[in-house]
Chemist: 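Before anything else, here's the structure in question.
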Amino acid sequence: MSSSTTVRTARRRTLRVAAAALIAAAGLSLTACNNADDTASKPATGASSAGSSAGAQGTDAQPDNAKSGSGGKSKFCRTNDLVMEAVDSSPDQKVGEVTVQMTNKGAKTCSATGFAGVDLKDIDGTSAPVHRGGEQPRITDLKPGDTATFSISYEVDFSGDSLASPTNIIVTPPNETHSVSLEWPADALKLAGPYDDKIQVHPVGIAN
């Protein structure tokens, strides 16, 4: 056998070995990729459990104000827990003022903080909302038996020509939706009409 034939034979063997090695390497690489894909497609048990637990907690969690008045402690005073009465509180014959007293007859402390909703009902059957004053409400917590008040101020009629003749005060306590109708005090000073922003309701506060 000539030397050139020997060289060619050696080269063929070398190429065959190299090709076999490449094929083997490719097979290993493909197997590794398949294993990686399988692993990625199957979530880890620990991660799945943690996600489910967090989801359950998020569903059950509620803000504190959502629990108010729903079988637990009532954050705000409910209309049914308050005994209300309207009285004349005018300091003199020049300034008209009616005060609404709200006493907590419930068994728990509740909050009456804010402005009450107030409408005045006239003798002709119509009603008009009373505008809020510009004061800043203060925290007003009522223990059982405590009384809070708010006032309605208005201009007094000195002419005798006013057509405003309120008969009732429709009161909705702060943060409530249920109203009560109170009689306008018979001894209150004559209200000067019309029913406009000169009549104002002031924030609830603890009775002196």
Side-chain angles (χ1 to χ4, degrees), residues 61-122 126-158 162 164-185 187-208:
Q62 292 181 337
D64 291 340
N65 58 1
K67 299 177 183 177
S68 175
S70 59
K73 295 181 179 179
S74 294
K75 181 176 180 181
F76 300 112
C77 296
R78 302 305 178 194
T79 302
N80 290 338
D81 290 332
L82 298 172
V83 176
M84 288 182 262
E85 181 184 10
V87 298
D88 173 45
S89 57
S90 299
D92 52 42
Q93 296 298 308
K94 298 179 180 180
V95 179
E97 184 178 270
V98 169
T99 293
V100 175
Q101 302 170 344
M102 303 189 300
T103 301
N104 180 13
K105 67 175 182 178
K108 298 179 180 179
T109 298
C110 61
S111 171
T113 304
F115 285 86
V118 176
D119 287 70
L120 296 183
K121 185 176 180 180
D122 195 83
T126 61
S127 61
V130 177
H131 297 265
R132 292 181 177 184
E135 302 91 346
Q136 181 68 31
R138 296 184 178 183
I139 294 176
T140 305
D141 291 331
L142 297 180
K143 296 178 181 179
D146 283 354
T147 298
T149 65
F150 67 86
S151 63
I152 302 167
S153 61
Y154 58 92
E155 290 188 358
V156 178
D157 174 44
F158 298 105
S162 175
S165 299
T167 59
N168 295 82
I169 307 170
I170 312 301
V171 178
T172 307
N175 302 292
E176 250 287 26
T177 56
H178 297 87
S179 304
V180 296
S181 178
L182 308 176
E183 291 186 3
W184 180 264
D187 54 350
L189 297 175
K190 182 67 175 178
L191 185 151
Y195 294 104
D196 56 18
D197 58 5
K198 292 190 294 294
I199 307 171
Q200 293 188 339
V201 59
H202 305 283
V204 175
I206 298 294
N208 294 328

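In this chain, residues are counted from 1 in sequence order. Remember, predicted model here, so these are calculated numbers, not experimental data. Only this structure's heavy atoms are used, side chains among them; waters, hydrogens and symmetry mates stay out.
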Chemist: Check whether Ser162 reaches the backbone of Asp157 with its side chain - one donor and one acceptor, N or O, closer than 3.5 Å.
Modeler: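 Not at all, since once roles are kept as given, no pair shorter than 3.5 Å links the two residues.
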
Chemist: So which atom in Leu189 and which in Tyr154 form the shortest heavy-atom distance, rounded to 0.1 Å?
Modeler: O-OH, 2.8 Å

Chemist: For Ile169 and Leu120: C-alpha separation, side-chain torsions, deciding distance, then whether side-chain contact (heavy atoms from CB on, under 4.5 Å) applies.
Modeler: CA-CA 5 Å; Ile169 307 170; Leu120 296 183; 3.9 Å; yes

Chemist: State, to 0.1 Å, how close Ile206 and Leu142 come at their nearest heavy-atom pair, and which atoms those are.
Modeler: CD1-CD2, 3.7 Å

Chemist: Under the criterion side chain to side chain donor-acceptor pair (under 3.5 Å), which of Asp119, Asn168, Thr167 is the partner of Ser181?
Modeler: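 With Ser181 as partner, Asp119, Asn168, Thr167 yield a single side chain to side chain donor-acceptor pair (under 3.5 Å), made by Asn168.
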
Chemist: Please tabulate, for side-chain N and O atoms in residues 128-138, each donor-acceptor pair with protein atoms closer than 3.5 Å (sequence neighbours left out).
Modeler:
from   : atom 1 : to     : atom 2 : distance (Å)
Glu135 : OE1    : His202 : ND1    : 3.3
Glu135 : OE2    : His202 : ND1    : 2.8

Chemist: To the nearest 0.5 Å, how far apart are CG in Asp141 and NZ in Lys75?
Modeler: 10.5 Å

Chemist: Using 0.5 Å steps for rounding, measure from the CG atom of Leu191 to the CD atom of Glu155.
Modeler: 9.0 Å

Chemist: Indicate yes or no: at least one non-hydrogen side-chain atom of Tyr195 is less than 4.5 angstrom from one of Thr126.
Modeler: no

Chemist: Going by atom types only, do Glu97 and Ser89 share a side-chain donor-acceptor pair under 3.5 Å?
Modeler: yes

Chemist: Please round to the nearest 0.5 Å and tell me the distance separating atom CE of Met84 and atom OG1 of Thr149.
Modeler: 13.0 Å

Chemist: Just by distance, do the side chain of Thr113 and the backbone of Thr140 share a donor-acceptor pair under 3.5 Å?
Modeler: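 Yes; judged by distance alone, with no hydrogens or angles, the pair exists.
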
Chemist: Is a donor on one side and an acceptor on the other found under 3.5 Å between the side chain of Lys121 and the backbone of Glu183?
Modeler: no

Chemist: Of all heavy-atom pairs between Pro144 and Gly106, which one has the smallest distance, and what is that distance?
Modeler: CB-O, 3.3 Å

Chemist: Is Lys198 salt-bridged to Asp196, going by a charged N under 4.0 Å from an acidic O?
Modeler: yes

Chemist: Run the side-chain contact (heavy atoms from CB on, under 4.5 Å) check on Thr172 and Thr79 step by step: do they pass?
Modeler: CA-CA 7 Å; Thr172 307; Thr79 302; 5.6 Å; no

Chemist: Judged by atom type as modelled, is there a donor-acceptor pair below 3.5 Å linking the side chain of Asp81 to the main-chain atoms of Asn104?
Modeler: no

Chemist: Would you please test Gln101 and Val87 for side-chain contact (heavy atoms from CB on, under 4.5 Å) and show each step?
Modeler: CA-CA 8 Å; Gln101 302 170 344; Val87 298; 4.1 Å; yes

Chemist: Atom OG1 of Thr99 and atom CD1 of Ile152: how far apart are they, to the nearest 0.5 Å?
Modeler: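 It is 8.5 Å, given to the nearest 0.5 Å.
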
Chemist: So which heavy atom on Val156 is nearest to which on Gln93, and how close?
Modeler: CG1-O, 4.3 Å

Chemist: May I ask you to decide if Val95's main-chain N or O and Asp92's side chain share a donor-acceptor pair within less than 3.5 Å?
Modeler: yes

Chemist: How far apart are the C-alpha atoms of Gln200 and Ser151, what are their side-chain angles, what is the distance that settles it, and do they pass the side-chain contact (heavy atoms from CB on, under 4.5 Å) test?
Modeler: CA-CA 8 Å; Gln200 293 188 339; Ser151 63; over 6 Å; no

Chemist: State the CE-CG distance between Met102 and Asp146, to the nearest 0.5 angstrom.
Modeler: 12.0 Å

Chemist: Grab the two heavy atoms, one from Val201 and one from Phe115, that are nearest each other, plus how far apart they are.
Modeler: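 Closest approach of Val201 to Phe115: O-CE2, 3.5 Å.
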
Chemist: Provide the closest heavy-atom pair for Asp187 versus Asp88 in the form atom of the first, atom of the second, distance.
Modeler: OD1-CB, 3.5 Å

